[in-house]
Structure formats: C-alpha cells, structure tokens
Student: 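First the structure, then my questions, so here it is.
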Amino acid sequence: MEQNHITIFIPASILAETKDLRIRTYKVGLIGRSAALFKVDRIVVYNDNSQKEDVKFISDVLTYMNTPQYLRKQVFPITRELRNVGILPPLRTPHHPTGELHEGDYRQGLTIKRTKKGTIVDIGADKLALCKEKLSVNKVLSFRVSKLAKEITIVPDTPDFYWGYDTISTYKNLHESIQSLKPKPELVIGTSRYAAPITSVLDEVKERLKGSKHTAILFGGPYSGLHDLIPSQKEKELIDLEVNTVPSQGTKTVRTEEAVLSTLSVFNLLLNSE
C-alpha cells in the first residue's frame, strides 16, 4: 500500500479540564508522543470556543517536542508556559539523533548567519556547519551531511523516511480549519462514540484508506463532540466516514489524548495490513 499521509485535528478544549500547568503540559505531550509513534505528518490545533492562549500553548508544546534537543534552547526562550517541558516524553524519532555524525546523515539545523560562502548552520555537532546556499536566517530546516572534514558541509534535503510532524494553529473552528487546510485531504474521518463501531465497517474503512494518499482524522473535545462542533448539513459535506474506535468503552468518557492513541493504533493496523 502507498504511504498514507495522516493529519489529525485536535481541539484547544483538551485543556479545559484542568488549570494545572504541569498536567496541561503532560496531556499535550501524550498527543505529541502518539502522533510521532504512528507517523502523523500534521497536527492541526483548532479553536472550539476556547481561549486563543490555549491554542498557542498546545502549538508551542507540540512544536517544542518535535524540535531536536540540541536546538530547543535557541528556538524556545524560557517562558512561564514552557517551564514544565522537562516532563514531556522524548520522541526518539530519526530527526532527534543521539549518535555520532556521519556523512550522508540527515539533520535538522538552525540557520545562524549568512556569509560570503553561504549560510552557517547549527546541526548539533561539535562545530557549526556550512551550507553553500544563502538561506533565511533563524529558521529550522532539514539538511543532509555531504562532507565531514575540517569543515562540515551540508545541503538542504529531506529524507524519505518519517521526519516528525508539523503543527498548524488555525485559531479557527473545526469546519473552517478543515476548509483552509492545504493540500486538502482526500479522506476525512470523524471519530465519535455515537458512530458505528469500526469493527462493523472495517472493510469499508480499509477500502477507503487504500484509495487515499492523505487522510485527516477529526477529534472532538471533552465537552463537545463532532456533532456539536459541525452543523449537520456541513458535517455531511465535510466528513466521508464516521467511526467509533473505542467500542464498548468501559469508562463514561474517553479523553481526547486517549482517543488519539486508540484511534491511531487502529488505523496503523489497517494501513499496515495486507
């Protein structure tokens, strides 16, 4: 099966259940970890009648998690909102390397300054690297190590294996967030406890997944499900399938971070089954 790019939509209201900054950080961390575990390409944070500050907080924590450790201090100044990031689970994805640098390795790097030779870049090595192209400064970009000598030489390049997720903060409602997403998903799947159990529509889901190169999965919040967030007429226009990925749940509610893990686990099995 061809690679299916996955985008998930997360509501800012996941923070509504607690004011404790440490717990809020941890909740977002669970979503970031699940996204990386199951190779999610994009996380869209939408506003479901929440505070704009909550949208920004979730986006900042997710982006912090996805940033390699060797760049975090430079990219993220210490703020009150990020003071608990030490409890976040590490992603341990390929773009968070821990070993020695070799020719041909891929690294994310922060562009430091432009010179006559090109652009000086911090890629987490024992010395700064040189890219012979003139790039915008203070940007995190992906590179491939082309030469290791007295001077580390790199070229802009992105590998063909999983390289982390992008975080998009729309500050819009769910309907507008889906409409504004580019490129548009070929398949949009809603998750709801009121939908048909995924086991009862398994063949249909697998068939639709086979025909999609870009799938979006929508999640509701702790107080508002998808039916509350999208008017019924627009829901029919936007959502191709709606499924319950936690049938016969043993608890009264399924938290969004739990729904994300459960749902991505199910879809991972379907995408990797023959």
Side-chain angles (χ1 to χ4, degrees), residues 6-69 71-93 95-96 140 164-174 176-178 181 190-193 216-226 228-229 245-246 249 251-265:
I6 302 291
T7 297
I8 61 174
F9 284 74
I10 303 297
S13 64
I14 62 169
L15 303 180
E17 295 176 303
T18 179
K19 295 295 184 183
D20 188 299
L21 192 59
R22 187 177 178 86
I23 296 176
R24 286 181 159 210
T25 303
Y26 184 68
K27 284 169 72 73
V28 178
L30 292 176
I31 291 175
R33 175 71 181 179
S34 296
L37 179 62
F38 295 111
K39 298 182 179 180
V40 167
D41 297 280
R42 296 186 293 184
I43 305 176
V44 179
V45 185
Y46 67 89
N47 192 340
D48 56 337
N49 299 316
S50 303
Q51 299 292 325
K52 287 187 176 180
E53 292 79 7
D54 290 345
V55 177
K56 185 178 185 306
F57 174 80
I58 296 170
S59 177
D60 285 349
V61 172
L62 288 172
T63 304
Y64 180 93
M65 290 184 72
N66 189 62
T67 302
Q69 294 90 326
L71 296 180
R72 288 175 177 172
K73 288 184 178 180
Q74 298 180 70
V75 177
F76 291 92
I78 298 300
T79 62
R80 175 187 174 276
E81 288 72 24
L82 294 178
R83 68 184 181 186
N84 291 306
V85 291
I87 68 172
L88 292 170
L91 296 189
R92 299 298 298 273
T93 44
H95 70 309
H96 288 192
V140 177
Y165 55 76
D166 291 324
T167 303
I168 302 170
S169 298
T170 65
Y171 295 95
K172 301 175 182 178
N173 62 35
L174 179 56
E176 292 173 342
S177 297
I178 300 170
L181 186 66
T191 59
S192 171
R193 64 179 297 183
I217 305 175
L218 317 181
F219 295 92
Y223 305 117
S224 299
L226 297 185
D228 305 306
L229 298 171
T245 55
V246 192
Q249 63 192 59
T251 56
K252 184 177 181 180
T253 59
V254 177
R255 294 174 178 173
T256 303
E257 62 270 23
E258 296 168 337
V260 169
L261 179 61
S262 302
T263 301
L264 291 179
S265 177

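Numbers here simply count residues along the sequence, with the first being 1.
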Student: Do any pairs count as a ring-ring contact (aromatic ring centres under 6.0 Å, His included) and have a residue in residues 39-67, sequence neighbours left out, and if so which ones?
Tutor: Tyr64-Phe76
Student: I'd like to know if the side chain of Thr251 reaches the main chain of Thr253, judged simply by a donor and an acceptor atom lying under 3.5 Å from each other, with no hydrogens or angles considered.
Tutor: yes
Student: Tell me whether Tyr165 contacts the main-chain N or O of Leu62 through its side chain, where contact means a donor paired with an acceptor under 3.5 Å.
Tutor: yes
Student: Inspect the surroundings of CZ in Arg83 and state if more than 12 heavy atoms from other residues, nucleotides or ligands are less than 6.0 Å away.
Tutor: yes
Student: For Arg255, look at atom CZ and say whether over 12 heavy atoms of other residues, nucleotides or ligands are found less than 6.0 Å away.
Tutor: no
Student: Main chain of Asn173, side chain of Asn47: is a donor-acceptor contact present, judged purely on distance under 3.5 Å?
Tutor: no
Student: Return yes when atom CZ of Arg72 has more than 12 non-hydrogen atoms of other residues, nucleotides or ligands closer than 6.0 Å, and no otherwise.
Tutor: yes
Student: Determine the minimum heavy-atom distance between Val75 and Val140, stating which atoms define it.
Tutor: CG2-CG2, 3.9 Å
Student: Who pairs with Glu81 by salt bridge (Lys or Arg N to Asp or Glu O under 4.0 Å), at least two apart in sequence or on another chain?
Tutor: none
Student: With no hydrogens and no angle check, is any side-chain donor or acceptor of Thr167 less than 3.5 Å from a backbone partner on Ser59?
Tutor: no
Student: Any idea which heavy atoms bring Thr170 and Ser177 closest together, and the distance?
Tutor: OG1-OG, 2.7 Å
Student: Quick check: are there more than 12 heavy atoms from other residues, nucleotides or ligands sitting under 6.0 Å from CG of Asn49?
Tutor: no
Student: Write down the atom of Val260, the atom of Ser34, and the distance for their closest heavy-atom approach.
Tutor: CG1-CB, 4.1 Å
Student: Flag the pair Arg193 / Val246 as yes when at least one side-chain heavy-atom distance between them is below 4.5 Å, and no otherwise.
Tutor: no
Student: Counting C-beta onward and ignoring hydrogens, is there a side-chain heavy-atom pair between Leu264 and Ile217 closer than 4.5 Å?
Tutor: yes
Student: What residues form a side chain to side chain donor-acceptor pair (under 3.5 Å) with Thr25, not counting sequence neighbours?
Tutor: none
Student: For Tyr26, look at atom OH and say whether over 12 heavy atoms of other residues, nucleotides or ligands are found less than 6.0 Å away.
Tutor: no
Student: Using the salt bridge (Lys or Arg N to Asp or Glu O under 4.0 Å) criterion, which residues pair with Asp60? Sequence neighbours excluded.
Tutor: Lys56
Student: When you compare the side chain of Ile14 with that of Phe219, does any pair of heavy atoms fall below 4.5 Å?
Tutor: no
Student: Do Leu174 and Asp48 have side-chain heavy atoms sitting under 4.5 Å apart?
Tutor: no
Student: Is there a donor-acceptor pair under 3.5 Å between the side chain of Arg42 and the backbone N or O of Ile8?
Tutor: no
Student: Applying salt bridge (Lys or Arg N to Asp or Glu O under 4.0 Å), name anything that partners Lys52, two or more places apart in sequence or on another chain.
Tutor: none
Student: Would you say that more than 12 heavy atoms from the other residues, nucleotides or ligands in this model lie under 6.0 Å from the CD1 of Ile87, or not?
Tutor: yes
Student: Ignoring hydrogens, what is the shortest heavy-atom contact between His96 and Asn66? Give both atom names and the distance.
Tutor: NE2-O, 2.9 Å
Student: Find out whether Ile23 and Glu17 are in side-chain contact, i.e. whether some heavy atom of one side chain is under 4.5 Å from a heavy atom of the other.
Tutor: no
Student: List for me each residue that meets salt bridge (Lys or Arg N to Asp or Glu O under 4.0 Å) alongside Lys39, sequence neighbours excluded, and say none if there are none.
Tutor: none
Student: Can you give me the closest heavy-atom contact between Gly221 and Thr256, atom names plus distance?
Tutor: CA-OG1, 3.9 Å
Student: Which pair of heavy atoms, one from Pro11 and one from Ile58, lies closest together, and at what distance?
Tutor: O-CD1, 4.1 Å
Student: Look at atom CD of Gln74 and say whether more than 12 heavy atoms of other residues, nucleotides or ligands are closer to it than 6.0 Å.
Tutor: yes
